[in-house]
Amino acid sequence: MSEQVVIIGAGVIGITTALELQRRGHSVLVLDRDGVASQTSAGNAGAFAFPEVEPLATPGIMRKAPKWLLDPLGPLSIPPSYAPKIAPWMYRFWRASRPSRYADLLDAQARLMQVSSSALERLIPAVEGEAMMQRDGQMQLYESEAEFRISLPAWDQRRAHGIEFELLETREAIAEKQPSLSPRFTHAGFTPNWMNTIDPKTWVQHLAKAFSDRQGRIETRGVRALTPLENGTRITLEDGTLDAAKVIVAAGAWSHHLAQTLGDHIPLETERGYNTTLPPGAFDLRMHLTFSGHGFVASRINGGVRIGGAVELGGLSLPPNFKRAETLLNKAAQFMPGLNTQGGTQWMGFRPSLPDSIPVIGPSPNAPDVIYAFGHGHLGLTQSAGTAELVGALLDGTQPPISMNPYSATRF
């Protein structure tokens, strides 16, 4: 074999995994057609959202979906031309939201969050990364007591999983933590242990430099297909072939295309997320804010403010609809009076999402020398360090700290 381990994908999952495998003594090559942090890892909200243990497919969500889908600029949208293609995924999503399935998914998500939180705290000092962290907490905002009461079961679930939080039931309590918000927000939940990076792209580049400085290799090369060999895997590149003892597929929203070349059909879809990043001075933002009823967030990025979120299930090929970013920014201006909306930069990225909100982490059913690590949806940055340690355990044949059954590619 010309390579011991090849990782396909230089986003946060791939680069963090490369560092972990390197730490374990493996010779690692990372391949990416566009380079380090060139896709979703470049422009997300920068949040390590460990308290967010609730899967997207919650019981009752399908009753809300029709109302959302009628609004093309609402929190959840499916372009009409894409609806027939995504129908099988939506059916699986509905099945995942049933109460009998939801409890298991919640447990799997919470366990992965616990592993990932501990792994990140090991990773930060190992790469001298504390200066790139913002440990300011997060506030989830509600516009009425009724909306707040509906959220309480989710807070109870967080409590059951040991997540620290404080519920705020007055405008004054909210203003004490984050001044200058609209008085429309009457209730909130504050999670003090929430953490953000100053910039997700810079964080991944920092990790990539640490990997390279330790003799790791990153090459800008596109991958077209994978073929199992008697021992190892042949990688078909845009400019030739490469054989590897082990392959890790961490190519984000494009991962299922590679899985298909092995005969694995994994129902990965693309949540297209939009945001606008405003320059420093746009608003005195003290922490990460989540506008619960509107599906978007505000976060601090390099001293500026990033307004983004919502879900557009539209695949990889449709052109961006930046009216969605404009809608979010206009709402933010209402919710954060005094927000200077001038001078912003718009962005759209592809979140790789599976219908049950749980990533695939484990071997290919058809190629045991290929390990999948994709499908993290909104939580790729959050779960990157934990995923890396789990992949390392699988690769070395050691016992992972949690059962890997919920993350298996055979579950679909």
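Computation of the quantities below employed the complete heavy-atom set of this structure, encompassing side-chain atoms and omitting hydrogens, waters and symmetry-equivalent molecules.
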> Taking the six-membered ring for Trp, are Trp155 and Tyr142 parallel (under 30°), tilted (30 to 60°) or perpendicular (over 60°)?
Replying inline: perpendicular

> Tyr274 vs Phe322 aromatic rings, parallel, tilted or perpendicular, using cut-offs 30° and 60°?
Replying inline: perpendicular

>> So does Asn321 get a backbone contact from the side chain of Arg324, meaning a donor-acceptor N/O pair under 3.5 Å?
In response: no

>> Filter on ring-ring contact (aromatic ring centres under 6.0 Å, His included), then keep only pairs touching residues 345-376, sequence neighbours left out; what's left?
In response: Trp254-Phe350, Tyr372-Phe374

> Distance-only, no hydrogens or angles: does the His26 side chain make a donor-acceptor pair with backbone N or O of Gly392 under 3.5 Å?
Replying inline: no

>> Between Asp264 and Val370, is there a side-chain heavy-atom distance shorter than 4.5 Å?
In response: no

> Which atom pair, heavy atoms only, marks the closest approach of Pro228 to Asn366?
Replying inline: CG-O, 4.1 Å

>> Between Ser97 (side chain only) and Trp94 (backbone N and O only), is there a donor and an acceptor less than 3.5 Å apart?
In response: yes

>> Suppose we screen for salt bridge (charged side-chain N to carboxylate O under 4.0 Å, His left out). Which residues come up paired with Asp199, at least two apart in sequence or across chains?
In response: none

>> Let's go through Met113 and Gln383 carefully: what are the C-alpha distance in whole Å and the side-chain angles of both, what is the deciding distance for side-chain contact (heavy atoms from CB on, under 4.5 Å) to 0.1 Å, and is it a yes or a no?
In response: CA-CA 7 Å; Met113 290 297 200; Gln383 297 174 342; 3.8 Å; yes

> Shortest non-hydrogen contact from Asp32 to Ser38?
Replying inline: OD1-OG, 3.8 Å

> What's the verdict on salt bridge (Lys or Arg N to Asp or Glu O under 4.0 Å) for Arg23 and Glu20, showing C-alpha distance, side-chain angles and the deciding distance?
Replying inline: CA-CA 5 Å; Arg23 185 189 69 81; Glu20 172 62 17; 2.8 Å; yes

>> Tell me every residue that passes side-chain contact (heavy atoms from CB on, under 4.5 Å) with Thr16, counting only those two or more places apart in sequence or in another chain.
In response: Val12, Leu123, Leu207, Ser384, Ala385, Ala388

>> Before you tell me yes or no, could you show the steps for Glu219 and Leu237 under side-chain contact (heavy atoms from CB on, under 4.5 Å), namely the whole-Å CA-CA distance, both residues' side-chain angles and the distance that decides it to 0.1 Å?
In response: CA-CA 12 Å; Glu219 296 181 5; Leu237 303 161; over 6 Å; no

>> Applying salt bridge (charged side-chain N to carboxylate O under 4.0 Å, His left out), can you list everything that pairs with Arg159, at least two apart in sequence or on another chain?
In response: Asp156

> Using 30° and 60° as the class limits, which term best fits the ring planes of Phe335 and His294: parallel, tilted or perpendicular?
Replying inline: tilted

> Heavy atoms, side chains only, cut-off 4.5 Å: are Thr382 and Glu52 in contact?
Replying inline: no

> Do Glu271 and His378 have side-chain atoms, one donor and one acceptor, less than 3.5 Å apart?
Replying inline: yes

> By side-chain contact (heavy atoms from CB on, under 4.5 Å), which residues pair with Thr398, not counting sequence neighbours?
Replying inline: Arg24, Ala393, Asp396

>> If you define the side chain from C-beta out and look only at heavy atoms, does anything of Val6 sit under 4.5 Å from Ile248?
In response: no

> For Ile307 and Ala298, which heavy atoms make the closest approach, and how far apart are they?
Replying inline: CD1-CB, 3.6 Å

> Are Val204 and Val36 close enough that some pair of their side-chain heavy atoms sits under 4.5 Å apart?
Replying inline: yes

>> Could you report the tightest heavy-atom contact between Gly137 and Met287, atom names first, then the distance?
In response: O-CB, 3.4 Å

>> Any side-chain to backbone donor/acceptor pair from Asn275 onto Gly43? Under 3.5 Å, distance only.
In response: yes

> Would you say His265 and Gln260 make side-chain contact, with heavy atoms under 4.5 Å?
Replying inline: yes

> So, for Ala42 and Pro200, which heavy atoms are closest and what is the spacing to 0.1 Å?
Replying inline: O-CG, 4.0 Å

> Is it true that a side-chain atom of Ser357 and a backbone atom of Leu56 form a donor plus acceptor pair closer than 3.5 Å?
Replying inline: yes

> Hey, are Arg92 and Glu269 close enough for a salt bridge, meaning a charged N less than 4.0 Å from a carboxylate O?
Replying inline: no

> Closest approach of Gly314 and Pro79, non-hydrogen atoms and distance?
Replying inline: CA-CD, 4.1 Å

>> Working to the nearest 0.5 angstrom, can you tell me the gap between Leu316 CG and His257 NE2?
In response: 5.0 Å

> For Asn44, which residues count as a side chain to side chain donor-acceptor pair (under 3.5 Å) partner, sequence neighbours excluded?
Replying inline: none

> Does Ser292 use its side chain to pair, donor to acceptor, with the backbone of Leu141 at less than 3.5 Å?
Replying inline: yes

> Are Phe148 and Leu167 side-chain neighbours, meaning at least one heavy-atom pair lies under 4.5 Å?
Replying inline: yes

>> Under a 3.5 Å distance rule, please check whether Gln109 uses its side chain to pair with a backbone N or O of Pro55 as donor and acceptor.
In response: no

> Partners of Glu130 by side chain to side chain donor-acceptor pair (under 3.5 Å), sequence neighbours excluded?
Replying inline: Arg135

> Sub-3.5 Å donor-acceptor pair from the side chain of Gln178 to the main-chain atoms of Arg286, do we have one?
Replying inline: yes

> Does the side-chain contact (heavy atoms from CB on, under 4.5 Å) test come out yes or no for Leu278 and Asn340, once each step is laid out?
Replying inline: CA-CA 8 Å; Leu278 303 169; Asn340 183 350; over 6 Å; no

> Sequence neighbours excluded, which residues qualify as side chain to side chain donor-acceptor pair (under 3.5 Å) partners of Glu164?
Replying inline: Asn193

>> The criterion is side chain to side chain donor-acceptor pair (under 3.5 Å); which residues satisfy it with Glu389, sequence neighbours excluded?
In response: Arg122

>> Quick check for you: to the nearest 0.5 Å, what is the distance between Leu268 atom CG and Ser255 atom OG?
In response: 6.5 Å

> Within the side chain of Ser116, is there an N or O that forms a donor-acceptor pair under 3.5 Å with the backbone of Phe50?
Replying inline: no

> Would you say the side-chain atoms of Asn302 pair up with the backbone N or O of Gly304, donor to acceptor, closer than 3.5 Å?
Replying inline: no

> With sequence neighbours left out, what residues match Asp107 under salt bridge (charged side-chain N to carboxylate O under 4.0 Å, His left out)?
Replying inline: Arg111

> Think Lys177 forms a cation-pi with Phe190, using NZ or CZ under 6.0 Å from the six-ring centre and within 45 degrees of its axis?
Replying inline: yes

> Is there a side-chain contact (heavy atoms from CB on, under 4.5 Å) between Gln138 and Phe48 once you walk through the steps?
Replying inline: CA-CA 10 Å; Gln138 178 249 186; Phe48 294 98; over 6 Å; no

> So do Leu168 and Glu176 actually touch side chain to side chain, heavy atoms under 4.5 Å?
Replying inline: no

> Looking at Leu242, Val5, Ile235, Ile8, which hits side-chain contact (heavy atoms from CB on, under 4.5 Å) with Leu29?
Replying inline: Leu242

> Got a sec, which residues hit side-chain contact (heavy atoms from CB on, under 4.5 Å) with Gln22, two or more places apart in sequence or on another chain?
Replying inline: Leu19, Phe211, Arg214

>> Within the 4.5 Å heavy-atom criterion, are Leu285 and Met336 side-chain neighbours or not?
In response: yes

> What pairs with Lys209 under salt bridge (charged side-chain N to carboxylate O under 4.0 Å, His left out), at least two apart in sequence or on another chain?
Replying inline: Asp213

